[in-house]
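Computed from a predicted model, the values in this text were never measured in an experiment. Atoms within each ligand, like the ligands themselves, are counted from 1 in listed order.
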Amino acid sequence: MTDTARLPLDPTSHAALAADGLHLGLVDPTDSDAARRWISADQRGFLDSAPEAAALEAHVAELGTDRITGVWDRSGADPDTPIATVQSWEMGLTVPGGASVAAWAISSVTVSPTHRRRGIARALLTAELRAAAALGLPLAMLTVSEATIYGRYGFGPAARQAGYTIRTARAGWIGPIPAGRVQFVTRESLLRDGPALFERARLAAPGEVDRSDIRWRHLLGLSPAAEGGNESARGIRAVRYDDADGDPAGFALYRVTLPNDSYPARLELLDLIAATDDAAAALWRFLIEMDLVSEVRAPLRRVSETVGWQISDPRALVKTDERDHLWLRLLDIPAAFAARTFSAPGDIVFSVTDTLGLVTGDYLLSVDSSGRGATLRLADAALDDDALDDAVRDGAAHVELSAADLANAVRDGAAHVELSAADLASVYLGDTSAEQLRRAGRVTAHSADAAIRVDQAFRSVDTPWLSTWF
Ligand SMILES: CC(=O)SCCNC(=O)CCNC(=O)[C@H](O)C(C)(C)COP(=O)(O)OP(=O)(O)OC[C@H]1O[C@@H](n2cnc3c(N)ncnc32)[C@H](O)[C@@H]1OP(=O)(O)O
């Protein structure tokens, strides 16, 4: 196990579960029997059918270096199979300005139907957040099965996804015709060329996360542990766009099906990643102009796709779905703000409430003319001046702001808003408007333009987008 995977168990949640006769523990992925049982519990939790032996073995190998946690009920009929699961690991998240910030990814949260609604998920989630905070990570993140579960833990939806249907006969291409070329490539070749290309593209897209080798294999249909196995992967086609100099700049994965066992066919877009505007245009044009295809279905896309402006009939493209996708949880507000750049200079005071108490407090964000922000947190009122000096000398850079400084900042014109940690997480990447949240009664603004000034600073030219599930 890695150091992260070996982090000590959270004593608070361990004790809370023990009081209920349950045992919180870690699974060592090299213990294949324990790993197999954990995977089976996870898949049962998501109502999947029991995995086949080969897929299960492959899945065990893919647990890799992640932190694998389970909860066991030793009094049950199957005491060695966990009744609850969670998996977590460190993953890079792109923020506005093009940096990648390390965040705690949480996945596979399941509680057996036999043990639901007695606080087990709460114990697991709060333990994960405390572990991530102890690691010094500024954010935790997840993609969710239901939008009702995670707000109570301070997560807010921070990047949305949309699904589109394009009626190709009506969607004449009127966009640019780039000088490069689109060509078929093998899925195996994308395992080699895709990661560098993807990394270029994802650093320009706030909300994107890095893709591990295992994730690549799943997306390309090259993992024996993938859903549906080789059978469903066989139909996946891969194309790559090379620019005029022959340098790869984008790729698309798709599958074609015959809805009525006859033409016209339907094309399902599985992935389209472009590092340049030309690559995006060339790949979309290639897909839309495919002979024998009458409809392109594109799930998990940006909420605003440029291709809508590149077809002759804008109504040929219909947005069929739009919803939350990436959820974020702030764990260290000054560090999270330091990671991104901002669109407008100025001072903003955030008074943040947090039901879990992890980031409750007042923060002064000062953005300079270059778009970099420095954030001070109002010192804990319990600290006297000497204790505060000691804390700062000991490296607590974020407790330097006194109540008087804060009052002065507001008097000198800082915008001042009050909001929950979850709503600040929704605003963080620029996806959600603070002014809209104010109108919804979720943000309190202490001046008429305070929330608008938040939006001016947090706006992102590229609407946040996450192209995968994790
Ligand atoms: C990142 C991911 O992995 S997303 C996947 C989430 N997992 C799934 O969807 C798999 C199927 N569902 C489950 O396994 C379980 O129902 C879980 C994990 C969602 C919840 O587990 P439980 O142990 O029952 O939750 P727990 O008892 O700790 O409930 C905590 C709170 O969440 C609420 N809650 C739990 N599940 C849900 C739900 N599906 N929808 C709305 N609220 C819920 C509870 O009512 C409780 O509310 P409270 O804080 O106001 O008292």
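At least one protein heavy atom sits closer than 4.0 Å to atom 36 (N) of ligand 1. For atom 51 (O) of ligand 1, the protein comes within 4.0 Å by no heavy atom at all.
At the shortest separation from atom 31 (C) of ligand 1 among protein heavy atoms lies Arg152 NE, 3.4 Å. The nearest heavy-atom contact from the protein to atom 14 (O) of ligand 1 is Val111 N, 2.9 Å. For atom 7 (N) of ligand 1, the closest non-hydrogen atom on the protein side is Val109 O, 2.7 Å. Remark: minimum distance from atom 21 (O) of ligand 1 to any protein heavy atom is reached at Ala121 CB, 3.2 Å. Of all protein heavy atoms, the one closest to atom 29 (O) of ligand 1 is Tyr153 OH, 4.5 Å. Regarding atom 19 (C) of ligand 1, its nearest protein heavy-atom neighbour is Ile149 CD1, 3.5 Å. In this structure, atom 1 (C) of ligand 1 lies nearest to the protein heavy atom Thr143 O, 3.3 Å. Atom 15 (C) of ligand 1 has Arg116 NE, 3.5 Å as its closest protein atom, hydrogens excluded (heavy atom only).
Every atom of ligand 1 with a heavy atom of Gly45 under 4.0 Å away is listed here by number and element: 10 (C), 11 (C). If you number the atoms of ligand 1 from 1 as listed, the ones under 4.0 Å from a heavy atom of Arg122 come out as 28 (O), 49 (O). Less than 4.0 angstrom separates some heavy atom of Arg118 from each of these atoms of ligand 1: 27 (O).
Considering each of Gly151, Ser145, Gly119, the one bringing a non-hydrogen atom nearest atom 5 (C) of ligand 1 is Ser145. Scanning Glu146, His115, Arg117 for the heavy atom closest to atom 24 (O) of ligand 1 points to Arg117. Remark: among candidates Thr148, Ile83, Thr355, the nearest residue to atom 41 (C) of ligand 1 is Thr148, based on non-hydrogen atoms.
Using a 4.5 Å heavy-atom cutoff, the side chains of Tyr164 and Thr320 are not in contact.
Of the candidates His325, Arg302, Glu208, Ser467 forms a side-chain hydrogen bond (donor to acceptor under 3.5 Å, both in side chains) with just one, namely Glu208.
Within the structure, ligand 1 lacks Phe155 among the residues with a heavy atom less than 4.0 angstrom away.
Between Phe198 and Trp216, the ring-plane angle classifies as perpendicular under the 30° and 60° cut-offs.
Looking at Val86 against ligand 1, nothing comes within 4.0 Å, counting heavy atoms. In Ala123, neither the side chain nor the backbone holds a heavy atom less than 4.0 Å from any atom of ligand 1.
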Ser13 and Asp10: CA distance, side-chain angles, deciding distance, side-chain hydrogen bond (donor to acceptor under 3.5 Å, both in side chains) verdict: CA-CA 6 Å; Ser13 291; Asp10 180 71; 3.2 Å; yes

